[in-house]
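The structure appears below as structure tokens.
Convention: sequence-line order gives letters A, B, ...; per-chain numbering from 1.
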Amino acid sequence: MNIVVCVKYVPDATADRHFEADNTVDRVGVDGLLSELDEYAVEQALQLKEKGDGTDEITVLTVGPEQASDAIRKALQMGADKGVHVVDDAIAGSDSLATSLVLAEAIKKIDHDFVVCGMASTDGAMSVVPAMLAERLGVPQVTFGSQIEMQGKEIRIRRDGDAATEVIGATAPFVLSVTDQSGEARYPSFKGIMAAKKKPVETWSLADLGVEAEKVGLSASWTQVEDTAARPPRSQGEIVTDEDGSGATALAGFLASKKFI
Amino acid sequence: MSEILVLVDHVDGAVRKTTNELLTIARRLGEPSAVFIGSDVSAAADQLKAYGAEKVYVVDDAEVKGYLVAPKAEVLQQLVEKTSPAAVLISSNAEGKEIAGRLAVKTDSGLITDAVDVQPGDSGPVTTQSVFAGNYTVQAKVTKGTPIITVKPNAATPEQVEGAAEQEKVDVTISDAAKSAKIVASEPRKATGRPELTEAAIVVSGGRGTGGNFEPVEKFADSLGAAVGASRAAVDSGWYPHSFQVGQTGKTVSPQLYVAAGISGAIQHRAGMQTSKTIVAINKDEEAPLFELVDFGVVGDLHAVLPAATDEVNKRKG
Ligand SMILES: Cc1cc2nc3c(=O)[nH]c(=O)nc-3n(C[C@H](O)[C@H](O)[C@H](O)COP(=O)(O)OP(=O)(O)OC[C@H]3O[C@@H](n4cnc5c(N)ncnc54)[C@H](O)[C@@H]3O)c2cc1C
Ligand SMILES: Nc1ncnc2c1ncn2[C@@H]1O[C@H](COP(=O)(O)O)[C@@H](O)[C@H]1O
């Protein structure tokens, strides 16, 4: 079965992430990388492929700026077979609805049996794109899988919800999203890094997808960020070193002074 | 005044505190209408009334239960078409956000997730969100369609204002397509007897530094009436269940007091607790990055400090 994995290129969480003057995320001036949470999606796709009959093909798909090809390359190094990069200046500043629209149109053009996503992007962290994709593609959503099992076209996932742990079942085609509990993602091997250089990556524009530029991007998005402000840094309070129980006394004193006791 | 739809977050009629907060926010924006999907509205009715629901739309869940997310989005779509609300408010948890996402696509409406505040504005609700691991605060609004907003726990202080809570039974039709992801099995979470992690006023978390022994953490939490949390390192080691993980891929908490014991303070952990009002850390390494954030820190062994502190707290409580 052929698999599409949606991966996002995100600003490095350990770098100085910030906003541009128009309140969009600076995706160009900050070092970026394949979202760590999407590595788990690539990993699960690879594992599902490895259990298959060897004819399966994994396509990694990203919507993002030029630099987002780094995210595709990393996924190819891990073992995916080919890449599709949707890049168009008109897409900049898109919100989740616009992004999912572009992703859905691209997915329709790729021969596939199901779609795999990460549980959330590490920048926006909305966790809504997989559900939106399922809605737009009219297929079941099997999301937040922490354990994934597939037999033929049948999938079963374990989903740890707030009120219960559930087992969710569906039949392909579907949109699957996987959590960071689903299993460690592999590192690219030297062989994988070399092989990735020869793997095909296609670049598509909005025109290739038949999506009108007016439907996406900052001005067309369904939401607008009006203001962004850096949170004032927390100033460090008192630090005491425990000696023979002095730490506990001081801690209780602090909690009492703040009326927590 | 326009209606504001509030999706009631409940388990078998036991309504979560976040719903009271959503009803309070809804009253700022218009007339709160609760949407109750389930078969036991009588268990929920008093609480919805006490927190100001003017109407309660009751949707029998026979068709809804047993399938993941999609049917609930269809219910809300039909209610949005019927009532033309000024906004839809949903709890910001995994399921709530997914319902909201599908509803946004269905109604061609803008979606804002994880609001920590919602206030009325000249052209619709204005939300506040905390982003980039809590390092930035963002204000946003919806510019198309019906504003669909998911709201985090503790975003408002619930206000008791009696509403009419007039019940209206609503018949909805659920498409076959929405019934394509089946809930094959479900095991309810066991009650801990402690406050719900995301709603608690005080959270005490343990990390790798516990060495797998969470007893000092739990006892200290109990002395303060707190919820217990854990770092991913503790969860990955199998010391505490994943549903208690605090951080980027766990729960975000924003309590009055957060106590971290044996947690170093990686960015992914901070992402889940950085907006807490008061932060306390106990760590034997004075260089631990979490100390940069704290209001009060103890450099010491948690296995000594926590039990002694528990005794102190219990003594002071008398
Ligand atoms: C994609 C991704 C998502 C992640 N999501 C999360 C998340 O949601 N939540 C999360 O927490 N992490 C998350 N992490 C992991 C995170 O990066 C850290 O690895 C993790 O938070 C470390 O947990 P820790 O602080 O308990 O352990 P460590 O970093 O090992 O720190 C243990 C601390 O305990 C102290 N200590 C040891 N013994 C004692 C003692 N006896 N008394 C007092 N102090 C002691 C040590 O000095 C040290 O500071 C994520 C990582 C990735 C890559
Ligand atoms: N621009 C994008 N390109 C490709 N995949 C994306 C993009 N944005 C989101 N996704 C996918 O959707 C998942 C959830 O993203 P989000 O809803 O933004 O938290 C991610 O883990 C990706 O798998």
Side-chain angles (χ1 to χ4, degrees), chain A residues 13-14 17 19 37 96-97 119 122 125-128 131-132 135-136 138-144 156 160-170 179-181 222-231 234 236-242 245 247-252 254-256 258 260-261, chain B residues 11 68-70 93-95 97-98 101-102 104-106 109-113 132-145 177 180-189 202 224 242-243 249 257 267 278 291-300 304-305 308-309 312-313 316-317:
Chain A
T14 56
R17 297 185 289 184
F19 290 92
L37 293 173
S96 57
L97 277 151
M119 66 183 284
T122 54
M126 290 178 78
S127 293
V128 294
M132 287 178 170
E135 180 71 38
R136 291 191 185 278
V139 300
Q141 71 166 81
V142 275
T143 45
F144 290 99
R156 285 250 195 290
D160 294 308
D162 268 355
T165 293
E166 295 167 331
V167 178
I168 312 294
T179 74
D180 61 337
Q181 303 276 302
W222 282 256
T223 50
Q224 189 185 328
V225 174
E226 299 203 301
D227 189 34
T228 59
R231 211 183 146 82
R234 295 188 83 106
Q236 195 183 52
E238 190 188 350
I239 311 273
V240 302
T241 301
D242 178 50
T249 316
L251 173 56
F254 172 79
L255 295 178
K258 293 278 182 182
F260 289 118
I261 308 177
Chain B
V11 181
L68 191 65
V69 176
N93 49 43
E95 186 185 67
K97 293 207 278 188
E98 292 192 323
R102 299 189 73 124
V105 172
K106 282 175 188 297
S109 296
L111 165 67
I112 290 173
T113 60
F132 289 164
N135 286 332
Y136 275 81
T137 305
V138 163
Q139 243 121 36
K141 65 175 190 211
V142 166
T143 48
K144 280 195 211 168
S180 55
K182 293 190 182 66
I183 301 173
V184 182
S186 176
E187 194 185 313
R189 186 127 291 135
I202 305 179
L224 294 167
H242 178 251
S243 49
T249 53
L257 170 65
I267 175 98
T278 301
F291 279 133
E292 291 162 18
L293 298 184
V294 300
D295 298 285
F296 191 84
V298 181
V299 180
V305 175
E312 279 283 336
V313 172
R316 283 176 190 251
K317 283 197 307 196

### Task
Counting only heavy atoms closer than 4.5 Å, note whether B:Ile202 contacts chain A via side chain, backbone, both or neither.
side chain
### Query
So which part of B:Val305 gets closer than 4.5 Å to some heavy atom of chain A, the side chain, the backbone, both or neither?
both
### Task
Give me the ring orientation class for A:Phe19 and B:Phe132: parallel if the planes are under 30° apart, tilted from 30 to 60°, perpendicular past 60°.
parallel
### Task
Give the minimum heavy-atom separation between B:Ala181 and A:Ile168, together with the two atoms involved.
CB-CG2, 4.2 Å
### Query
So which part of B:Leu293 gets closer than 4.5 Å to some heavy atom of chain A, the side chain, the backbone, both or neither?
both
#### Entry: Residue part contacting chain A, namely of B:Ala177, when any heavy atom lies under 4.5 Å
neither
### Summary
Ranked by heavy-atom pairs below 4.5 Å to chain A, first place among B:Gly297, B:Gly300, B:Ser186, B:Pro188 goes to B:Gly297
### Summary
Closest non-hydrogen contact found for A:Ala256 with B:Arg316 is CB-NH1, 3.6 Å
### Message
Counting heavy-atom pairs under 4.5 Å with chain A, which one of B:Ala304, B:Ala70, B:Ala104 comes out on top?
### Response
B:Ala104
### Message
Is B:Thr249 close to chain A through its backbone or its side chain, or both, or neither, when contacts mean heavy atoms under 4.5 Å?
### Response
both
### Query
Between B:Gln139, B:Glu312, B:Arg102, B:Lys144, which shows the greatest number of heavy-atom pairs under 4.5 Å with chain A?
B:Arg102
### Message
If you count heavy-atom pairs within less than 4.5 Å of chain B, which of A:Thr179, A:Leu255, A:Asp162, A:Thr228 leads?
### Response
A:Asp162
### Query
Going from CG on B:Asn135 to CZ on A:Arg17, what distance comes out if it is rounded to the nearest 0.5 angstrom?
7.5 Å
### Message
I need the minimum non-hydrogen distance between B:Val11 and A:Ala163, along with the two atoms involved.
### Response
CG2-CB, 3.7 Å
### Task
Mind checking the CD-CG spacing from B:Glu187 to A:Asp160? Nearest 0.5 Å is all I need.
10.0 Å
### Query
chain B heavy atoms under 4.5 Å from A:Phe260: which part of the residue, side chain, backbone, both or neither?
both
### Contacting moiety of B:Glu292, where chain A heavy atoms sit under 4.5 Å
backbone
### Message
Quick check on B:Val105 against chain A: is it the side chain, the backbone, both or neither that has a heavy atom closer than 4.5 Å?
### Response
both
### Query
In terms of heavy-atom proximity below 4.5 Å to chain A, should B:Thr278 be classed as side chain, backbone, both, or neither?
both
### Message
Let me confirm one number: the CG-CZ distance from B:Leu257 to A:Phe254, rounded to the nearest 0.5 Å.
### Response
7.5 Å
### Message
Just checking B:Lys106: does its NZ atom have more than 12 heavy atoms from other residues, nucleotides or ligands closer to it than 6.0 angstrom?
### Response
yes
#### Entry: Proximal component of A:Leu97, with respect to chain B [non-hydrogen, under 4.5 Å]
side chain
### Residue selection (most heavy-atom pairs with chain A, distance under 4.5 Å) from B:Ser109, B:Gly134, B:Ala308, B:Gly145
B:Ser109
## Note on the structure
So CG of B:Leu111 and CE of A:Met132: to nearest 0.5 Å the spacing works out to 4.5 Å
### Message
Determine whether a donor-acceptor pair (N or O, by modelled atom type, separation under 3.5 Å) exists between the side chain of B:Thr143 and the backbone of A:Trp222.
### Response
yes
### Message
Report which part of A:Gln224 has an atom under 4.5 Å of a heavy atom belonging to chain B: side chain, backbone, both, or neither.
### Response
both
### Summary
When the 4.5 angstrom heavy-atom criterion is applied to A:Ile261 and chain B, the contacting part is side chain
### Query
Hey, which of A:Asp180, A:Val128, A:Val225, A:Val240 has the most heavy atom pairs under 4.5 Å with chain B?
A:Val240
### Max heavy-atom pair count under 4.5 Å with chain B, selected residue of A:Arg231, A:Arg156, A:Glu135
A:Glu135
### Message
So which residue, A:Asp242, A:Thr249, A:Val167, ends up with the most heavy-atom pairs under 4.5 Å with chain B?
### Response
A:Val167
### Task
Indicate yes or no: does B:Asp295 engage A:Arg234 in a salt bridge with an N to O separation below 4.0 Å.
yes
### Task
Test side-chain contact (heavy atoms from CB on, under 4.5 Å) on A:Leu251 and B:Phe296 and set out the steps.
CA-CA 8 Å; A:Leu251 173 56; B:Phe296 191 84; 4.0 Å; yes
